[in-house]
Amino acid sequence: MPASERPSRLASVIVASAAAFVALLVVGAIGLWAHYGTAVFFEMVKTGIAACM
């Protein structure tokens, strides 16, 4: 396989989708933080993590 081969369009779409998803999560976290404040935000995160355990 040549090293100069360009990535496929599907790979580019997957990477772009993953980046958009991560950006959406970050924006959502910042929005929750701004709306509820730090104490409530961290309490929600702690409760969510505890629910997964």
Side-chain angles (χ1 to χ4, degrees):
M1 184 180 295
S4 64
E5 186 176 316
R6 292 181 57 208
S8 70
R9 179 155 172 82
L10 178 61
S12 298
V13 169
I14 291 171
V15 170
S17 297
F21 180 71
V22 169
L24 185 64
L25 287 177
V26 170
V27 168
I30 291 170
L32 286 172
W33 192 318
H35 186 264
Y36 293 110
T38 57
V40 175
F41 177 78
F42 283 122
E43 191 65 31
M44 289 170 48
V45 170
K46 186 174 85 173
T47 302
I49 291 172
C52 292
M53 298 277 182

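Please read all numbers here as calculations on a predicted model, not as lab measurements. For reference, positions follow the sequence shown, starting with 1. Reckoned from all heavy atoms, side chains included, excluding hydrogens, waters and symmetry mates.
Under the ring-ring contact (aromatic ring centres under 6.0 Å, His included) criterion, Phe42 pairs with Trp33, not counting sequence neighbours.
No option in Val27, Leu32, Val26 other than Val26 meets the side chain to side chain contact (heavy atoms under 4.5 Å, CB included) test with Ile30.
For residues 32-52, the pairs satisfying salt bridge (charged side-chain N to carboxylate O under 4.0 Å, His left out) are Glu43-Lys46, with sequence neighbours left out. For residues 29-42, there are no salt bridge (charged side-chain N to carboxylate O under 4.0 Å, His left out) pairs, not counting sequence neighbours. Sorted by first then second residue, the salt bridge (charged side-chain N to carboxylate O under 4.0 Å, His left out) pairs that include residues 15-25, not counting sequence neighbours, number zero. Within the structure, ring-ring contact (aromatic ring centres under 6.0 Å, His included) pairs that include any residue of residues 10-31 do not occur (at least two apart or interchain). Sorted by first and then second residue, the salt bridge (charged side-chain N to carboxylate O under 4.0 Å, His left out) pairs involving residues 10-35 (not counting sequence neighbours) form an empty list.
Two different hydrophobic clusters hold Leu24 and Val45 under the rule that ILVMFWY side chains link at heavy-atom gaps under 4.5 Å.
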